[in-house]
J.: 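If you scroll down you'll find the structure; I have some questions about it.
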Amino acid sequence: MSGEQQVGKAVADQWAWNAAGNPIPQSADVVIIGGGIIGCSAAYFLARQGVSVALFEKGRVAGEQSGRNWGWVRQQGRSPVELPLMIRSLRLWQELPKDLGEDIGFKQGGSLYLAENPGQLAELGEWLAIAREHDLDTRLLSDRGLTEVLKSDGNKWAGALYTASDARAEPSRAAAAIARGARRAGAHIVSSCAVRGIERAAGRVQAVVTEHGVVAARTAVCAGGAWTRLFCGSLGITVPQLTVLGTVARTAPTTQLLDGEAWSPRIAIRRRADGGYTVAHGGSFAHALTPATFRFAAKFFPALRQGHESLRLTFGREFFKALATPSRWDLDAQSPFERDRVLDPAPEQRVLGQMREALKRCFPEIAAAPFVETWGGMIEASPDVLPIISGADGLEGFFIATGFSGHGFGIGPGAGKLVADMVSGRADPVELSAFRLGRFFDGSPIRPGPAI
Ligand SMILES: Cc1cc2nc3c(=O)[nH]c(=O)nc-3n(C[C@H](O)[C@H](O)[C@H](O)COP(=O)(O)OP(=O)(O)OC[C@H]3O[C@@H](n4cnc5c(N)ncnc54)[C@H](O)[C@@H]3O)c2cc1C
């Protein structure tokens with residue numbers, strides 16, 4: 001990471017909530033593994049329901065995906081399977097600044113998917129039927145309509161798909177603020193403390209083993225982001241999950257072109273609370289081949305085929321690193337989670353170069369603004385690019401919340417609430433069945449939702 005850091009800074013400033021000054025509890029009703037936006041939101045809503053909850057984060061709260069993402073809070077373009085959850089999530093986002101008493105950079109500034117030609121515009125327009133079904137304010141803008149929302153003369157766009165109620169928030173603030181809210185509501189939040197595994201008896205969770213001691217608990221939720229496959233695998237639970245690397249930059253404060261965010265296959269920009277932009281390539285992600293790629297190839301094939309234009313496969317160090325990582329370990333010795341506290345992959349220089357070129361071409365008004373920080377983020381994905389919010393066969397009391405597939409920030413508060421309701425037995429079983437882990441193993445067809 002280069003320049004003055006904001007990514008993960010919220011957490012650098014964050015409370016020293018490590019085990020040294022914050023002894024771990026002996027027991028909790030629910031233990032949450034992972035302090036990303038999903039784990040923090042689940043802890044927040046559970047604590048507000050009066051449940052005793054302890055959350056353990058191996059590194060820093062929001063140190064991985066939840067602090068490195070683009071900051072889009074969008075309904076637009078989502079699969080109808082997760083759209084109702086996203087709509088509920090947006091309502092929670094609206095309440096969060098007041099409930100938390102913190103500025104998390106939340107603003108409903110709209111989202112745009114830009115079309116370079118009429119064919120692309122027609123393709124984008126296909127999503128309008130889903131929007132109508134869910135009463136969204138999504139519209140197809142002509143090039144003239146677009147000028148009201150996007151003040152840029154750089155590119156002659158054919159038009160755009162636009163949802164005015166879509167929003168943005170600051171990843172450097174949001175999950176950490178939710179964690180603080182959870183703590184105020186009574187949750188125990190411990191960073192720099194990896195969970196090594198689960199103790200079980202008679203097929204159910206009895207305790208959670210951390211690097212700093214054992215917590216008696218009959219319920220555990222794994223919200224471990226990109227680590228979930230490894231953690232669950234050590235318990236004998238298969239979670240099909242692969243990762244891709246995204247490259248991101250933020251600019252210095254510069255001219256305001258829009259109030260929200262805009263995407264095209266070449267470039268994606270999001271207005272930031274500090275007056276700059278979070279910038280990324282609109283369609284360039286790298287997947288480092290690992291043994292898991294081959295293991296899950298058949299399940300991921302439909303998603304790989306759908307996203308092949310934006311995906312590059314690489315082979316190298318990651319393959320051998322994964323090969324050398326144990327799949328099981330003793331719970332009284334160091335686990336892989338303690339060796340890699342924060343996944344902090346390097347951004348791809350060539351992608352940064354492409355982003356600079358695309359800015360000049362598409363948004364020349366802001367192209368001179370320097371990149372003051374660049375970073376990489378490892379995005380985890382499920383085979384149908386939809387969340388897994390589920391119990392696990394054979395281990396009662398164990399739940400999984402992962403697979404957010406590059407769009408879990410926006411849906412995070414909603415998903416966290418759903419996790420809290422699932423654990424408390426209040427969730428709608430019909431909704432949960434769409435997110436069950438078993439869909440990848442029971443012969444159900446794997447139909448990927450939209451990937452951006
Ligand atoms: C570059 C990029 C751009 C994105 N853009 C967007 C966007 O604009 N909008 C959007 O909605 N989504 C976006 N996403 C996706 C979104 O960031 C993720 O889906 C979401 O943050 C996932 O949250 P999480 O809590 O599941 O995982 P994470 O944020 O990855 O958190 C998981 C945490 O679990 C911890 N952990 C793992 N194992 C253990 C263990 N054994 N013990 C203790 N702790 C453990 C990890 O250290 C980590 O902090 C983007 C992601 C990236 C990387």
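Numbering of ligands and ligand atoms starts at 1, following listing order. Just so it is clear, the values below take in all heavy atoms, side chains as well, and ignore hydrogens, waters and symmetry mates. Bear in mind the structure is a predicted one, so any value in this text is a computation, not a measurement. Position 1 is the first residue of the sequence; numbering continues from there.
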J.: With a 4.0 Å cut-off on heavy atoms, does Gly71 reach ligand 1?
T.: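 Heavy atoms of Gly71 do come under 4.0 Å of ligand 1.
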J.: In ligand 1, which numbered atoms sit nearer than 4.0 Å to a non-hydrogen atom of Ile38?
T.: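 Answer, ordered by atom number: 23 (O), 24 (P), 25 (O), 26 (O).
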J.: Which atoms from ligand 1 have a heavy atom of Trp227 less than 4.0 Å away?
T.: 37 (C), 38 (N)
J.: Have a look at ligand 1 and work out which part of Trp70, if any, has a heavy atom under 4.0 Å from it: side chain, backbone, both or neither.
T.: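 Both of them.
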J.: With a 4.0 Å heavy-atom cut-off (strictly under), which part of Ala223 contacts ligand 1: side chain, backbone, both or neither?
T.: backbone
J.: For the residue pair Arg356 and Phe371, would you count it as a cation-pi contact if the rule is NZ or CZ under 6.0 angstrom from the ring centre and within 45 degrees of the ring axis?
T.: yes
J.: Going by the order shown, which atoms of ligand 1 are within less than 4.0 Å of some heavy atom of Gly377?
T.: 53 (C)
J.: With heavy-atom distances below 4.0 Å as the criterion, list the atoms of ligand 1 near Gly36.
T.: 25 (O), 29 (O), 31 (O), 33 (C)
J.: Would you say Ile33 touches ligand 1, if touching means a heavy atom closer than 4.0 Å?
T.: yes
J.: Report, in ascending order of atom number, the atoms of ligand 1 lying under 4.0 Å from any heavy atom of Gly225.
T.: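 Counting from 1, the qualifying ligand atoms are 27 (O), 30 (O), 32 (C).
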J.: Which ligand 1 atoms does Gly406 reach within 4.0 Å, using its non-hydrogen atoms?
T.: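 With Gly406 as reference, the close atoms of ligand 1 come out as 6 (C), 10 (C), 12 (N), 13 (C), 14 (N), 15 (C), 50 (C).
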J.: Checking side-chain polar atoms at under 3.5 Å, does Ser79 have a donor or acceptor matched by the opposite partner on Glu82?
T.: no
J.: Please work out whether any backbone atom (N, CA, C, O) or any side-chain heavy atom from C-beta onward of Lys58 is under 4.0 Å from ligand 1, and answer side chain, backbone, both or neither.
T.: both
J.: I need the contact type for Val342 against ligand 1. Using non-hydrogen atoms and a strict under-4.0 Å cut-off, is it side chain, backbone, both or neither?
T.: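 Neither; no heavy atom under 4.0 Å.
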